Amino acid sequence: GTVLTGWKQDGDAAKHWTVKDWILSYDGKGSTLWSEESFGDFEMVVDWRWTGEDQGKIRRPKFAPDGSDLKDANGAVETVEIGERDSGIFLRGNDKSQVNIWAWPAGSGEVWGYRTDASMPPEVRAAVTPKKNADKPIGSWNRFLIRMKGDVLNVWLNGEHVIVDATLPGVPSRGPIALQHHGSSIDFANVYVRELK
């Protein structure tokens with residue numbers, strides 16, 4: 001919360017990830033920030049909020065509860081125009097097991113790599129789709145509680161259980177955590193991780 005100790009500071013990380021007043025700020029440039037330590041079964045608390053301007057207006061799909069894109073009566077995907085913001089948290093060193101942070105209609109917590117993988121069973125794709133959009137307004141602080149035990153993921157966002165007992169087939173048994181981005185400026189705070197025995 002006061003220095004970048006515990007995070008890999010190779011490349012340009014220290015230029016774009018800065019710490020001040022217990023807030024880890026990212027300017028939307030540079031590389032993803034990886035933890036030095038690897039984790040197996042763990043719980044993680046992390047607060048986050050969007051800062052700065054969005055990356056421009058774009059239309060993004062609405063999701064059905066089963067993880068598929070919602071379609072209208074003519075079979076066209078239903079979309080909503082948003083100000084694009086996109087970040088996330090990689091679990092166990094794996095970009096496929098990313099808990100998304102974004103401004104999409106489905107809300108944050110979705111696991112894109114599994115939801116969009118057509119080879120995954122329907123129940124897997126449905127489970128990694130948020131049960132509701134629990135995001136607070138842009139610029140407000142949000143809190144994730146992420147629990148990874150074996151290959152089962154649970155995510156709470158602002159006290160709402162948005163991902164419930166989602167199985168992630170093939171997820172590594174151990175690996176580092178990363179704060180990932182797609183060019184959006186974002187703040188993190190109160191990042192706590194504890195291993196589960």
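Note that this is a predicted model, so its numbers are computed, not measured.
In plain terms, the two heavy atoms of Ala189 and Trp22 that are nearest each other are CB-O, 3.7 Å. In terms of heavy-atom proximity, Thr32 sits nearest to Ala178 at CG2-CB, 3.6 Å. The two residues Arg125 and Met120 come nearest to each other via the heavy atoms CD-O, 3.7 Å. Of all the heavy atoms in Trp17 and Ser31, the pair that sits closest is NE1-O, 2.9 Å. Nearest heavy atoms, Ser184 versus Asp86: OG-N, 3.0 Å. Taking both residues in full, the closest heavy atoms of Glu195 and Phe39 are given as CG-CD2, 3.9 Å, listed atom of the first, atom of the second, then distance.
The main-chain N or O of Glu84 is never found under 3.5 Å from a side-chain atom of Asp54 such that the two would form a donor-acceptor pair. Side-chain atoms of Asn133 come within 3.5 Å of backbone atoms of Pro105 as a donor-acceptor pair (strictly under, hydrogens ignored). Within the 3.5 Å criterion, the main-chain N or O of Trp104 finds no donor-acceptor partner in the side chain of Arg60. A donor-acceptor pair is defined here as one N or O able to donate and one able to accept, closer than 3.5 Å; such a pair exists between the side chain of Asp66 and the backbone of Ser68. Formation of a donor-acceptor pair under 3.5 Å by the Asp27 side chain with backbone atoms of Ser25 is not found in this model.
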CA sep, side-chain torsions, deciding dist, call: Arg147, Glu43, salt bridge (charged side-chain N to carboxylate O under 4.0 Å, His left out): CA-CA 4 Å; Arg147 180 183 297 139; Glu43 285 185 333; 2.7 Å; yes
Steps toward salt bridge (charged side-chain N to carboxylate O under 4.0 Å, His left out) verdict (Arg49, Asp135): CA-CA 10 Å; Arg49 68 178 175 187; Asp135 294 61; over 6 Å; no
Val171 vs Arg92, side-chain contact (heavy atoms from CB on, under 4.5 Å): CA-CA, chis, key distance, verdict: CA-CA 8 Å; Val171 67; Arg92 295 186 183 156; 3.8 Å; yes
Pair Asp117-Val124, side-chain contact (heavy atoms from CB on, under 4.5 Å): steps then yes or no: CA-CA 10 Å; Asp117 184 348; Val124 168; over 6 Å; no
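Leu24 places a side-chain heavy atom less than 4.5 Å from the side chain of Leu4. For the pair Val128 and Leu168, the minimum side-chain heavy-atom distance is below 4.5 Å. At a threshold of 4.5 Å between non-hydrogen side-chain atoms, the residues Tyr114 and Lys96 count as touching. Between Phe42 and Ile177, some side-chain heavy-atom pair lies under the 4.5 Å cut-off. Taking the side chain as every heavy atom from C-beta outward, Arg115 and Phe63 approach each other to under 4.5 Å. Ile186 is not listed as a side-chain neighbour of Arg85, based on a closest heavy-atom distance of 4.5 Å or more. Residues Val19 and Val3 have side chains not in contact (no heavy-atom distance under 4.5 Å, counting atoms from C-beta outward). Here the side chains of Ile58 and Ile82 are in contact, with some heavy-atom distance below 4.5 Å.
Residues Val152 and Ile163 do not share a hydrophobic cluster, defined by chaining ILVMFWY side chains whose heavy atoms lie under 4.5 Å apart. Transitive grouping of hydrophobic side chains (ILVMFWY, heavy atoms separated by less than 4.5 Å) brings Val193 and Ile89 into a common cluster. Trp7 and Phe90 are members of different hydrophobic clusters when ILVMFWY side chains are connected at heavy-atom separations under 4.5 Å. Hydrophobic clustering, with ILVMFWY side chains joined whenever heavy atoms are under 4.5 angstrom apart, groups Val155 together with Leu179. Side-chain heavy atoms closer than 4.5 Å link hydrophobic residues (I, L, V, M, F, W, Y) into clusters, and following such links, possibly through other members, connects Ile146 to Val191.
More than 12 heavy atoms of other residues, nucleotides or ligands lie within 6.0 Å of CD in Glu78, so this atom counts as buried by the packing criterion. Atom CZ of Arg174 sits in a crowded spot, with more than 12 heavy atoms from other residues, nucleotides or ligands closer than 6.0 Å.
Atom CH2 in Trp141 sits 11.5 Å away from atom NZ in Lys136 (nearest 0.5 Å). For the atom pair OG1 (Thr129) and CD (Glu110), the distance works out to 6.5 Å, reported to the nearest 0.5 Å. From Thr51, atom OG1 reaches atom CD1 of Ile138 across 10.5 Å, with rounding to the nearest 0.5 Å. Note: Thr18 OG1 to Asp187 CG = 8.0 Å, rounded to the nearest 0.5 Å. If you take NE2 on His16 and OG on Ser185, they are separated by 13.0 Å, rounding to the nearest 0.5 Å. Rounding to the nearest 0.5 Å places OG1 of Thr167 at 5.0 Å from CG of Asp151.
The residues Asp47 and Arg143 are annotated as salt-bridged, a charged nitrogen and a carboxylate oxygen being separated by less than 4.0 angstrom.
Within the structure, ring pair (Phe, Tyr, Trp, His ring centres under 6.0 Å) contacts touching residues 175-197 (residues at least two apart or in different chains) are Tyr26-His181. Residue pairs that meet the salt bridge (Lys or Arg N to Asp or Glu O under 4.0 Å) test with at least one member in residues 154-170, sequence neighbours left out, are Lys132-Glu160.
Below 30°, between 30° and 60°, or above 60°: for Trp102 and Trp112 the angle between ring planes is above 60°, a perpendicular geometry.
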